[in-house]
Structures are given as structure tokens and as C-alpha cells.
Amino acid sequence: MKKTEFFLIQLEGFFYLNYPTLLNCFQDSLETPFAFENTSLNLLYSWANGMELDTDLPLDKMAFCSFGYFLSFEEGTSYEKSFNEEDYFVNKNLFPIVASRTGDFLLVDSMKTNGKVYLYSPSLLIIEPIIVYENIERFVITMYECFSQFAYSYDNDFFLVVNDELEKAITIKLNPSSEFWD
């Protein structure tokens with residue numbers, strides 16, 4: 001968990017130095033204790049409560065990673081409830097942390113201490129979630145490495161620019177059991 005905390009601080013520092021406007025998009029962290037068994041997921045939301053939807057920057061300009069924007073706890077809870085009511089997934093403990101405009105989600109097993117991060121992507125025809133990051137810690141480290149090595153950057157209009165080859169190389173190195181990046 002200390003590694004997750006360290007890299008969240010590093011990521012925030014990187015944004016502060018390189019994209020200070022982006023920091024205004026993050027909502028204040030939640031101080032309430034969570035019910036998640038996944039302590040890294042609790043830590044993520046104690047760092048920031050997702051990205052604010054009513055900022056001056058449109059959602060498509062606020063991508064946190066190549067999969068979309070960082071959902072607030074409330075949005076994640078709402079999506080989780082909807083997924084469970086509609087029987088989307090066999091695992092009823094998948095909590096969405098990132099979403100795209102096309103209906104793709106990064107999902108975390110919220111009841112496992114070191115739960116995997118899965119991709120559900122109807123736009124890519126991935127209907128059964130597959131492992132994309134080994135856990136929240138590796139997701140956070142991957143985000144930091146992608147930004148610090150400029151696999152991710154923002155253009156002047158604040159659209160996320162992705163160097164696909166570099167993103168893939170970084171992610172495979174940090175997440176060797178990922179099913180997505182093969």
C-alpha cells in the first residue's frame with residue numbers, strides 16, 4: 001500500500017508541474033471510511049474522488065488514461081448498482097473506476113485485497129471483463145510511468161495524446177499477467 005501512496009503523490013506532483021489545470025478537475029478526496037476489502041481502492045478514493053464533470057474542460061478532454069476519465073465514488077457506485085441489477089457480470093463485486101464516452105469501463109474487484117483491474121469494452125467487443133492491470137497499485141504505477149515517460153501527454157486543448165506503442169511497452173512490463181496487452 002505504501003507503494004500506491006508513493007506513486008499517487010508522484011502522479012499528483014507530475015500533474016502539478018506539467019498540467020496544473022488538470023488538478024482542478026479532480027474532486028476532493030473522500031474522508032469517509034469505505035467498505036471495500038480492497039485497501040488500494042480505498043486509498044485511490046482517499047487521494048481524489050474522481051474527476052469533476054462540471055469543470056470548464058469537457059469530459060473528452062479530461063481523460064485520466066487511454067481508457068477514459070476517473071469516476072467519482074458516487075458515479076462508480078451508481079454504475080455498479082446498474083451493472084448488478086442488469087446482471088452484466090458474474091462477479092458482483094466489480095467496481096468501475098474509469099469510464100469512456102463509448103461505454104467502456106475499468107473495473108476493480110472491490111472485495112479482494114489485491115483485486116485485479118478489468119476492462120469491459122463493448123466498443124472493442126470485450127463483453128466478459130478481462131485483466132488489464134494486475135491490481136490498483138500496478139494501475140497507479142502504470143499511470144505514473146505513462147505520464148512521466150510521455151506515453152501520455154495533453155495537447156494545448158487538453159486532449160489526452162497517447163503514444164500507443166510506449167503505453168503498451170510500459171504496461172506489459174508492469175502488468176505481465178494482463179490479458180489485454182498481448
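What you see below is based on every heavy atom in this structure, not just the backbone, and it leaves out hydrogens, waters and symmetry mates.
Residues passing the side chain to side chain donor-acceptor pair (under 3.5 Å) test with Glu167 are Ser66, Tyr152, sequence neighbours excluded. Listed by chain and residue number, nothing satisfies the side chain to side chain donor-acceptor pair (under 3.5 Å) test with Asn156 (two or more places apart in sequence, or in another chain). For Phe15, the ring-ring contact (aromatic ring centres under 6.0 Å, His included) test picks out Phe26, Phe147, with sequence neighbours left out. With sequence neighbours left out, the ring-ring contact (aromatic ring centres under 6.0 Å, His included) criterion links Tyr19 to Tyr154. Under the side chain to side chain donor-acceptor pair (under 3.5 Å) criterion, Thr142 pairs with Asn175, not counting sequence neighbours. Asn91 pairs by the side chain to side chain donor-acceptor pair (under 3.5 Å) definition with Asp109, not counting sequence neighbours. The salt bridge (Lys or Arg N to Asp or Glu O under 4.0 Å) search around Asp155 returns none, not counting sequence neighbours. Remark: Ser121 pairs with Asp104, Leu119, Ser123, Leu124, Ile126 by the side chain to side chain contact (heavy atoms under 4.5 Å, CB included) rule, at least two apart or across chains. Evaluation of the side chain to side chain contact (heavy atoms under 4.5 Å, CB included) rule for Ile9 yields no partner, not counting sequence neighbours. Scored by the salt bridge (Lys or Arg N to Asp or Glu O under 4.0 Å) test, Glu134 finds Arg138 as partners (sequence neighbours excluded).
Among residue pairs with one or both ends in residues 12-24, none qualify as salt bridge (charged side-chain N to carboxylate O under 4.0 Å, His left out); sequence neighbours excluded. Residues in residues 76-88 take part in these side-chain hydrogen bond (donor to acceptor under 3.5 Å, both in side chains) pairs, two or more places apart or across chains: Asp87-Lys92.
Using cut-offs of 30° and 60° for the angle between ring planes, the Tyr120 and Phe89 rings count as perpendicular.
When atom types are taken as modelled, the side chain of Trp181 and the backbone of Thr171 share no donor-acceptor pair closer than 3.5 angstrom. The closest donor-acceptor contact from the side chain of Glu179 to the backbone of Ile130 lies at 3.5 Å or more, if one exists at all.
Remark: Met143 CE to Leu174 CG distance equals 9.5 Å, nearest 0.5 Å. Rounding to the nearest 0.5 Å places CD1 of Ile141 at 6.5 Å from OG1 of Thr4.
Judged purely by distance below 3.5 Å, without hydrogens or angles, the side chains of Tyr118 and Glu128 never pair a donor atom with an acceptor atom.
Aromatic rings of Phe67 and Phe180 (six-membered ring for Trp) have centroids within the 6.0 Å cut-off, being under it.
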